[in-house]
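Quick caveat: nothing in here was measured; it's all calculated off a predicted structure. So you know, we letter chains A, B, ... as the sequences are listed, proteins then strands, and number each from 1.
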Amino acid sequence: EPEVTQTPSHQVTQMGQEVILRCVPISNHLYFYWYRQILGQKVEFLVSFYNNEISEKSEIFDDQFSVERPDGSNFTLKIRSTKLEDSAMYFCASSEHRRWGGQPQHFGDGTRLSIL
Amino acid sequence: ELKVEQNPLFLSMQEGKNYTIYCNYSTTSDRLYWYRQDPGKSLESLFVLLSNGAVKQEGRLMASLDTKARLSTLHITAAVHDLSATYFCAVVNFGNEKLTFGTGTRLTIIP
């Protein structure tokens, strides 16, 4: 079964450094998402992306965050200058259809980001 | 702002027993999802509920949706140890695609 893949599985970075998290969504999916989960808490939406542009973003997704689809397969999340509070598990997700059929979003295994 | 609440937050139950997890949400929605998460792992889609009165079943799990009450339930029948995990409901608002997750219910099945 096709799956969303994320790399790296664990990223350790010094505060203030830039970090790029990478995702390969399922190949025929058109909608891409980033979520994060701080340890022991619920999953929070960051951003959705469709047709090479951001379709929605949350308050968490400030100017330090950006997303990009640099080629036909990768989808990246960049944090420009990391803070301690950015430490979390970051999940990439993709879905096939926006509304029709209620297709679920399929999640990758996540990247655990630790800011020192 | 859409709010999604689950209860209980923690549930410890014996094998063979039945129990229900509740998911309440605050504004009208047209889709509700249930996901399972094992410790340190990703989110696995369990059910998609699209309409009032929808009921879906898979093995020992059954999910239902009451859009008028803004309530979904996840019922566990004759629990087995393999069902130990955290279960999240997630709701989508009309007009956007983001999932708003509930707080999660950490389910522990005791032999």
Side-chain angles (χ1 to χ4, degrees), chain A residues 1-7 9-10 23 25-26 29-51 53-61 88-112 114, chain B residues 1-10 21 23-26 29-56 58 63 65 67 72 85-106:
Chain A
E1 185 178 331
E3 55 183 34
V4 177
T5 56
Q6 290 186 243
T7 54
S9 56
H10 192 188
C23 169
I26 294 172
H29 285 189
L30 302 176
Y31 296 88
F32 314 118
Y33 313 86
W34 284 101
Y35 293 83
R36 79 171 186 191
Q37 184 180 32
I38 295 171
L39 188 62
Q41 298 186 24
K42 67 178 180 180
V43 180
E44 300 173 290
F45 169 80
L46 292 178
V47 66
S48 59
F49 191 86
Y50 168 71
N51 200 24
E53 60 182 25
I54 291 173
S55 48
E56 189 172 3
K57 60 183 181 180
S58 71
E59 290 176 357
I60 303 167
F61 195 88
M89 181 75 95
Y90 287 79
F91 290 106
C92 174
S94 69
S95 64
E96 186 175 2
H97 295 294
R98 181 169 184 148
R99 299 192 65 81
W100 311 287
Q103 296 297 320
Q105 294 177 20
H106 296 266
F107 285 76
D109 285 342
T111 294
R112 181 167 299 284
S114 301
Chain B
E1 182 191 342
L2 174 60
K3 292 191 190 314
V4 183
E5 293 183 351
Q6 285 179 241
N7 69 83
L9 297 182
F10 299 95
I21 298 170
C23 172
N24 289 91
Y25 53 97
S26 61
S29 168
D30 62 346
R31 279 169 289 157
L32 188 141
Y33 301 86
W34 283 96
Y35 284 89
R36 168 184 171 144
Q37 185 181 39
D38 291 300
K41 301 292 186 182
S42 184
L43 295 137
E44 175 192 354
S45 174
L46 295 174
F47 299 110
V48 179
L49 301 168
L50 299 178
S51 59
N52 188 41
V55 177
K56 295 271 185 81
E58 180 76 33
L65 178 62
T67 57
S72 179
T86 299
Y87 292 85
F88 289 96
C89 64
V91 179
V92 177
N93 251 348
F94 287 113
N96 65 49
E97 290 310 300
K98 69 178 186 183
L99 292 173
T100 300
F101 281 82
T103 45
T105 297
R106 184 179 294 180

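Using a 4.5 Å cut-off between heavy atoms, A:Q37 contacts chain B through its side chain alone, with no backbone atom that close. If you measure heavy-atom distances from B:Y35 to chain A, the contacts under 4.5 Å come from the side chain alone.
Side chains of A:F91 and B:Q37 form a contact here, defined as non-hydrogen atoms less than 4.5 Å apart. At a threshold of 4.5 Å between non-hydrogen side-chain atoms, the residues A:F107 and B:K41 do not count as touching.
Partners of A:W34 by ring pair (Phe, Tyr, Trp, His ring centres under 6.0 Å), not counting sequence neighbours, listed by chain and number: A:F75.
Atom-to-atom distance recorded for A:M89:CE and B:L43:CG is 9.5 Å, nearest 0.5 angstrom. Note: A:H106 NE2 to B:S42 OG = 11.0 Å, rounded to the nearest 0.5 Å. Considering OG1 of B:T100 and CD of A:E44, their distance stands at 10.5 Å, rounded to 0.5 Å.
Chosen from B:A90, B:G104, B:G102, the residue pairing most often with chain A at heavy-atom distances under 4.5 Å is B:G102.
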Given ring-ring contact (aromatic ring centres under 6.0 Å, His included), test B:F101 with A:F45 step by step and report yes or no.
-> CA-CA 8 Å; B:F101 281 82; A:F45 169 80; 10.0 Å; no
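Here the closest heavy-atom approach between residue A:Q105 and residue B:L99 is recorded as OE1-CD1, 3.5 Å.
Under a cut-off of 6.0 angstrom, the local environment of NZ in A:K57 is sparse, with at most 12 non-hydrogen atoms contributed by other residues, nucleotides or ligands.
Looking at B:S45, its side chain never comes within 3.5 Å of a backbone N or O of A:P104 through a donor-acceptor pair.
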